[in-house]
> 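This is the structure I want to talk about, given as structure tokens.
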Amino acid sequence: MRIGEISDRSGISIRMLRFYEAEGLLRPHRTEKGYRDYSQDDLEEARLIRQLAEAGLTVEAMHDLLPCIISPEPTFHPCDRLRARLESEVAKLDRKLSDIERSRAQIAAYLAGLPRGDQSDTASLQSETA
DNA sequence: ATTCTGACA
DNA sequence: TGTCAGAA
């Protein structure tokens, strides 16, 4: 299958499919004319990548995860790397979450201190945005 | 019609 | 991440 079909069936844009390949996530064969030629396995991997991307995982994380999740070989590795990766992702998310909570608290404080019935700030924002 | 690579208002 | 160009 060529890139257009893979894009349609995986929901990943052609642009992103090429990007993921540049990142070493997908390695489709090439036809004589240089066109990418995806296998059925590539399609399944693309769909998995789609899932991981929607979960907010980075390409780096996918590099660790993919070898563990998609197991072409009948032998299942312990994949200790998988657990480590997942744990670091959760840790990363926890850090982001605390950052967001910090921002929320700060902005909520601004809101709490905002005088009532005053539209002047809104007006100035609109004029600067326009 | 589709894909390829490289570049960017 | 989209999109446009120029070539195949």
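Just so we're on the same page: letters track the sequence lines, and every chain starts at 1.
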> Would you say A/Tyr35 ends up clustered with A/Ile14 if hydrophobic residues are merged whenever their side chains have heavy atoms under 4.5 Å apart, either directly or through other cluster members?
no

> Round to a whole Å and report the spacing from CG of A/Asp37 to C1' of B/dC4.
15 Å

> Do A/Glu45 and A/Asp41 have side chains that get closer than 4.5 Å, going by heavy atoms?
no

> Atom CG in A/Leu65, atom CG in A/Leu52: separation rounded to 0.5 Å?
6.0 Å

> Is A/Lys96 paired with A/Asp99 through a side-chain N to carboxylate O contact shorter than 4.0 Å?
no

> Could you tell me how far apart A/Glu21 (CD) and B/dC4 (P) are, to the nearest whole angstrom?
8 Å

> So if I take every side-chain heavy atom of A/Arg30 and compare against B/dT3, B/dC4, C/dG2, which nucleotide ends up nearest?
B/dC4

> I want to check one thing: is the phosphate of B/dC4, taken as OP1 and OP2, less than 4.0 Å away from some side-chain N or O of A/Arg18?
yes

> Using atom CD of A/Glu23 as one end and atom P of C/dT1 as the other, report the distance to the nearest whole Å.
12 Å

> What nitrogen or oxygen pairs link the protein and nucleotides 3-8 of chain C at under 3.5 Å?
from  : atom 1 : to      : atom 2 : distance (Å)
C/dT3 : O4     : A/Arg15 : NE     : 3.4

> One thing to verify: whether A/Lys92 and A/Glu60 come together as a salt bridge, which I'm taking to mean a side-chain N less than 4.0 angstrom from a carboxylate O.
no

> Hey, is CZ on A/Arg104 packed in by over 12 heavy atoms from elsewhere, all under 6.0 Å?
no

> Whole Å only: how far is the CD1 atom of A/Ile3 from the P atom of C/dT1?
14 Å

> Can you tell me how far the CD1 atom of A/Ile6 sits from the CG atom of A/Leu26, to the nearest 0.5 Å?
8.5 Å

> Please report the distance, rounded to the nearest Å, between CD1 in A/Ile14 and P in B/dT5.
12 Å

> Output the rounded distance in Å from CG (A/Leu17) to P (B/dT2).
16 Å

> Atom CD of A/Glu32 to atom C1' of B/dT3: distance rounded to whole Å?
14 Å

> Could you identify the nucleotide paired to C/dT1, looking across every strand shown and requiring Watson-Crick or G-U wobble geometry with both distances under 3.5 Å?
none

> Whole-Å distance between B/dT2 P and A/Met1 CE?
17 Å

